[in-house]
Amino acid sequence: MKHAYVPRMTTYTLNPEDELNDLRMSDQVRPLYDHVRKFIRETVEPMAVEFYRHGQNKQDRWSFTPGQLEVLQKARTGPRKSASGISSCPMPRPAKA
């Protein structure tokens, strides 16, 4: 037995003119956005390139090379001390061998 389609009744209306539907970036947030983009471009991207370069020829894909661990250590300590104004999230410490 097939079920008959019953249209869903709701009081919700979608009005494109509503303020909540305006997803443009506000002028107040723009400086923060620009600052984060600059931080990623100047700090994170160079570290990512260096990190992947150090890991190109490793045998075990689930391990880190000494060079990669150095990059992670710089990432862990460097950004907090920089004048960027953005603090990095804590990263897990590598397991001691």
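The figures here come from the full heavy-atom set of this structure, side chains too, leaving out hydrogens, waters and symmetry mates. One-based numbering along the sequence shown.
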Exercise. Can you list the other members of the hydrophobic cluster that holds Val49, where links are side-chain heavy atoms under 4.5 angstrom apart?
Worked result: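 Grouped by the 4.5 Å side-chain rule, Val49 forms a cluster of one, so the answer is none.
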Exercise. In the hydrophobic cluster built from side-chain contacts under 4.5 Å, what are the other members alongside Met25?
Worked result: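 Met25 shares its hydrophobic cluster with Val29, Tyr33.
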For this session: Mind checking salt bridge (charged side-chain N to carboxylate O under 4.0 Å, His left out) for Asp18 and listing every partner two or more places apart, or none if nothing turns up?
Result: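 Asp18 satisfies salt bridge (charged side-chain N to carboxylate O under 4.0 Å, His left out) with no other residue.
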For this session: Using the test salt bridge (charged side-chain N to carboxylate O under 4.0 Å, His left out), find all partners of Glu70 that sit at least two apart in sequence or belong to another chain.
Result: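 So Glu70 forms no salt bridge (charged side-chain N to carboxylate O under 4.0 Å, His left out) with any residue.
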For this session: Search all heavy atoms of His54 against all heavy atoms of Thr65 and return the closest pair with its distance.
Result: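 Here His54 and Thr65 meet closest at O-OG1, 3.4 Å.
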Problem set entry | Pairs involving residues 55-65, ordered by first then second residue, that meet salt bridge (Lys or Arg N to Asp or Glu O under 4.0 Å) (sequence neighbours left out) |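 As it turns out, there is no salt bridge (Lys or Arg N to Asp or Glu O under 4.0 Å) pair with a partner in residues 55-65 once direct neighbours are skipped.
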Exercise. Pairs in or reaching into residues 34-44: which pass salt bridge (Lys or Arg N to Asp or Glu O under 4.0 Å), with residues at least two apart or in two chains?
Worked result: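 Passing the test, one end in residues 34-44: Arg30-Asp34.
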Exercise. Partners of Asp22 by side chain to side chain donor-acceptor pair (under 3.5 Å), sequence neighbours excluded?
Worked result: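 Only Arg24 meet the side chain to side chain donor-acceptor pair (under 3.5 Å) criterion with Asp22.
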Problem set entry | Partners passing side chain to side chain donor-acceptor pair (under 3.5 Å) against Glu45 (at least two apart in sequence or in another chain) |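 Glu45: no side chain to side chain donor-acceptor pair (under 3.5 Å) contacts found.
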Problem set entry | Side-chain (Gln68) to main-chain (Phe51) donor-acceptor, under 3.5 angstrom |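 Yes.
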For this session: Measure the CZ-CG distance between Arg76 and Leu69 for me, rounded to the nearest 0.5 Å.
Result: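 Here the interatomic distance stands at 8.5 Å.
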